[in-house]
Amino acid sequence: MKSKIEEASPDSVHLLLGVLEMEVKARAPGKIILAGEHAVVHGSTAVAAAIDLYTYVTLRIPLQSDENNDRLTLQLKDLSLEFTWSVARLKEGIAYDSSNVSPSTPASCSSQTLKSIAVLVEEQNIPEAKIQLSSGISTFLWLYTSILGFIPATVIITTELPYGSGLGSSAAFCVALTAALIASSSSDKTRGDGWSSLDETNLELLNKWAFEGEKIIHGKPSGIDNTVSAYGNMIKFCSGEITRLKSNMPLRMLITNTKVGRNTKALVSGVSERAVRHPEAMNSVFNAVDSISKEVAAIIQTKDEMSVTEKEERVKELMEMNQGLLESMGVSHSSTDTVIQTTHKHKLTSKLTGAGGGGCVLTLLPTLVSRTVVEKVVKELESSGFQCFTASIGGKGAEICF
Ligand SMILES: Nc1ncnc2c1ncn2[C@@H]1O[C@H](COP(=O)(O)OP(=O)(O)O)[C@@H](O)[C@H]1O
Ligand SMILES: C[C@@](O)(CCOP(=O)(O)O)CC(=O)O
Ligand SMILES: [Mg+2]
C-alpha cells in the first residue's frame, strides 16, 4: 500500500511535509571596502559595497515535538562539520537572565553569557585547524537562543565567501542567520517565488542583531559590514550613519585572495593599541582616511562634470593614498605588497580590503584596460599562489525565501 506521501501530488507533499517542519531560507552578501577600513572603527567615513557572493542559511524547525530529536544542530556544509546540542544542555549551560533578552530588543552578549556559551562550544571539540570557527559558533548560539529561545531546529549554512579574507564572511553569516531567525518568527510567511527582501522594520531589527553578532567575532566592529550586507548597494558609512550611494561610474574591481589567513579581531585591536600609543599621529591618519573616503564617495556619485577616465584616475590615486595609510596603521602584509607590485607593473593600482594582514586585495580595472592586460596580471598573480576573481558590485542585501 502506498503511503500518504507517495500518493500525494508534489504540491501536497510539500504541504504534508510542511505540517511536520517549517523551513525558511535566507541569504546575505559579502562586501568590499573601497576606502576607510579600520579608520571607520575610530569614527572616520568609509565606503563599502555588497558583492554577489553570498552566505546561505536554511533553518528547519520541527512543528511537532519529538522526544528523540530535541536538539539544536548546526551544519557547516562546505566544511563538512556538524555541531549539536540537546535543548536541555543549552538551557542548563547558557547563563543569561531571560528577562533581559527579547527578540525585538537587540542586546549585547554579556561577558558572563559569552563565557558560558564558550563552554558549550568547547564541548564540541572543534578540530584545532578550524578553531577560528569558535567565535562564529558562539555567535550562532547567542543569536539563535536570543531570537528563538530554546527550541529544537536544524540550521544549515553554506557560503560562497572565503572565511577570514576581508570579504565580510562574518557579517554575511550574522545577517543571513538573523534574517532566517526573524523570518521564521514572522506571521507573514507568504510562499513566494524565490528570494524576497525583508520590510524596513525587520531589516533594521536584523541589522541591529547582526551587529551584536559581529561584536562577538570582531570585538569592536564599526557596523559597516553588517549594514552593507543587510541593505546591499553601495554605502557611505560614518559612526552608524548610512548614506546610500548611487554610482555614476563603472567600477570594476579585480579581487585577489592572497590566501594568507588572519583574524579581524586581532587586527582591529592592534590598530586600537597603536592609537593608544600614538594618539595624535593616529588621529591624523584617521582624519586623512576620512577625507579620502568622502572624496571617493563624491567622485563615484559625480555626474557629468568629469570624464570616466578622470574619475578613474582620481579613485586610483585615492586608493593608493588609503593603502599608504593602512600601512601606517600596521595592517598591510608582504603578500599585499606582492599584489601591489605585480599590478603596478601593468599601471594598475591596488589596496587591501577589509581587515588586511593578508586576506583580499582590490585592483581597480579602469574601463580602458584591455582584456589581454587583465589576463596577464591574473596569470602572474595566480602563479604567486593567489586566487583572482571579479564580482559584481553594489547588488542586493539580505533576502529570504519560504
Ligand atoms: N559560514 C560561517 N559559519 C560559521 N562561522 C563563520 C562563517 N563565516 C564566518 N564565520 C566566522 O567569522 C570568522 C571570520 O570573520 P573575520 O575574521 O571577521 O573575517 P571576514 O569577515 O573578513 O571573513 C570565522 O573565523 C568564523 O568564526
Ligand atoms: C577592519 C574593519 O574595518 C573591516 C573588517 O572587515 P573583515 O571582517 O576583514 O571583512 C572592521 C570593522 O569595520 O568592523
Ligand atoms: Mg569580518
Side-chain angles (χ1 to χ4, degrees), residues 26-48 50-51 53-58 74-79 81-83 121 124 126 129-141 143-144 155-177 210-211 213-229 235 237-240 255 257 260-272 286 289 293 322 326 329-332 352-362:
R27 71 173 187 181
K31 60 94 226 283
I32 51 169
I33 298 186
L34 291 158
E37 50 276 272
H38 285 291
V40 68
V41 176
H42 301 269
S44 302
T45 306
V47 178
I51 54 174
L53 294 174
Y54 296 86
T55 292
Y56 297 83
V57 172
T58 302
L74 171 66
Q75 292 177 359
L76 304 183
K77 271 271 192 261
D78 322 278
L79 304 173
L81 289 174
E82 180 173 301
F83 309 100
V121 174
Q124 297 291 315
I126 301 170
K130 302 268 185 313
I131 208 67
Q132 296 249 45
L133 290 172
S134 308
S135 59
I137 298 161
S138 292
T139 304
F140 164 75
L141 285 180
L143 290 174
Y144 186 91
V155 180
I156 303 159
I157 318 264
T158 57
T159 188
E160 295 162 353
L161 292 160
Y163 292 81
S165 298
L167 298 183
S169 79
S170 61
F173 169 65
C174 293
V175 171
L177 174 63
F211 180 57
E214 274 275 88
K215 280 188 187 165
I216 299 177
I217 302 172
H218 279 196
K220 192 187 166 199
S222 62
I224 190 170
D225 287 8
N226 51 279
T227 301
V228 77
S229 179
I235 61 164
F237 183 96
C238 183
S239 303
I255 303 174
N257 186 358
V260 174
R262 86 299 172 283
N263 172 298
T264 300
K265 190 175 185 174
L267 287 151
V268 167
S269 76
V271 174
S272 296
F286 296 147
V289 174
S293 300
N322 195 171
L326 286 158
M329 291 179 214
V331 295
S332 199
L352 68 81
T353 190
C360 287
V361 183
L362 294 182

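The residues of the chain are indexed from 1 along the displayed sequence. All heavy atoms count here, side chains included; hydrogens, waters and symmetry mates do not. Order of appearance sets the numbers: ligands from 1, and atoms from 1 within every ligand.
For the pair Arg27 and Tyr56, the cation does not sit on the ring face, since its NZ or CZ is not both under 6.0 Å from the ring centre and inside 45° of the axis.
For ligand 2, the atoms closer than 4.0 angstrom to any heavy atom of Asp225 are 5 (C), 6 (O), 7 (P), 8 (O), 10 (O). Every atom of ligand 1 is numbered from 1 in the order shown, and the set under 4.0 Å from a heavy atom of Ser135 is 27 (O). Residue Ile157 has at least one heavy-atom neighbour below 4.0 Å for each of these atoms of ligand 1: 1 (N). The atoms of ligand 2 that sit less than 4.0 Å from any heavy atom of Val40 are 3 (O), 13 (O). Taking every non-hydrogen atom of Gly166 and a distance limit under 4.0 Å, the qualifying atoms of ligand 1 come out as 22 (O). Every atom of ligand 1 with a heavy atom of Gln132 under 4.0 Å away is listed here by number and element: 24 (C), 25 (O), 26 (C), 27 (O).
Regarding atom 4 (C) of ligand 2, its nearest protein heavy-atom neighbour is Ile33 CD1, 3.9 Å. The nearest protein atom to atom 12 (C) of ligand 2, hydrogens excluded, is given as Ser222 OG, 3.4 Å; this is a heavy-atom distance. Of the protein's non-hydrogen atoms, the one nearest atom 2 (C) of ligand 2 is His38 N, 4.0 Å.
In Ala172, neither the side chain nor the backbone holds a heavy atom less than 4.0 Å from any atom of ligand 1. Neither the backbone nor the side chain of Lys265 has a heavy atom within less than 4.0 Å of ligand 1. With a 4.0 Å heavy-atom cut-off, ligand 2 is reached by the backbone of Glu37 and by its side chain too. Proximity of Lys31 to ligand 2, defined as any heavy-atom pair under 4.0 Å, is confined to the side chain (atoms from C-beta onward). Contacts between Val41 and ligand 2, counted as non-hydrogen atom pairs separated by less than 4.0 Å, involve the side chain only. Here Thr264 has heavy atoms under 4.0 Å from ligand 1 in both its backbone and its side chain.
With hydrogens and angles ignored, the 3.5 Å screen pairs no side-chain donor or acceptor of Gln75 with any backbone N or O of Ile156. With hydrogens and angles ignored, the 3.5 Å screen pairs no side-chain donor or acceptor of Asn226 with any backbone N or O of Ala171. Of the possible donor and acceptor atoms, none in the side chain of Ser170 sits under 3.5 Å from a partner among the backbone N and O of Ile217. When atom types are taken as modelled, the side chain of Ser229 and the backbone of Asp225 share no donor-acceptor pair closer than 3.5 angstrom.
In terms of polar-atom proximity, defined here as any N/O pair under 3.5 Å, Lys220 makes no such contact with ligand 2.
The closest approach between any non-hydrogen atom of Arg262 and ligand 2 is below 4.0 Å. Residue contacts with ligand 1: Arg262 is included, with a non-hydrogen atom under 4.0 Å away.
Side-chain contact check for Thr55 and Glu160: no donor-acceptor pair (N or O, by modelled atom type) lies under 3.5 Å.
A heavy-atom distance below 4.5 Å is found between the side chains of Val331 and Val271.
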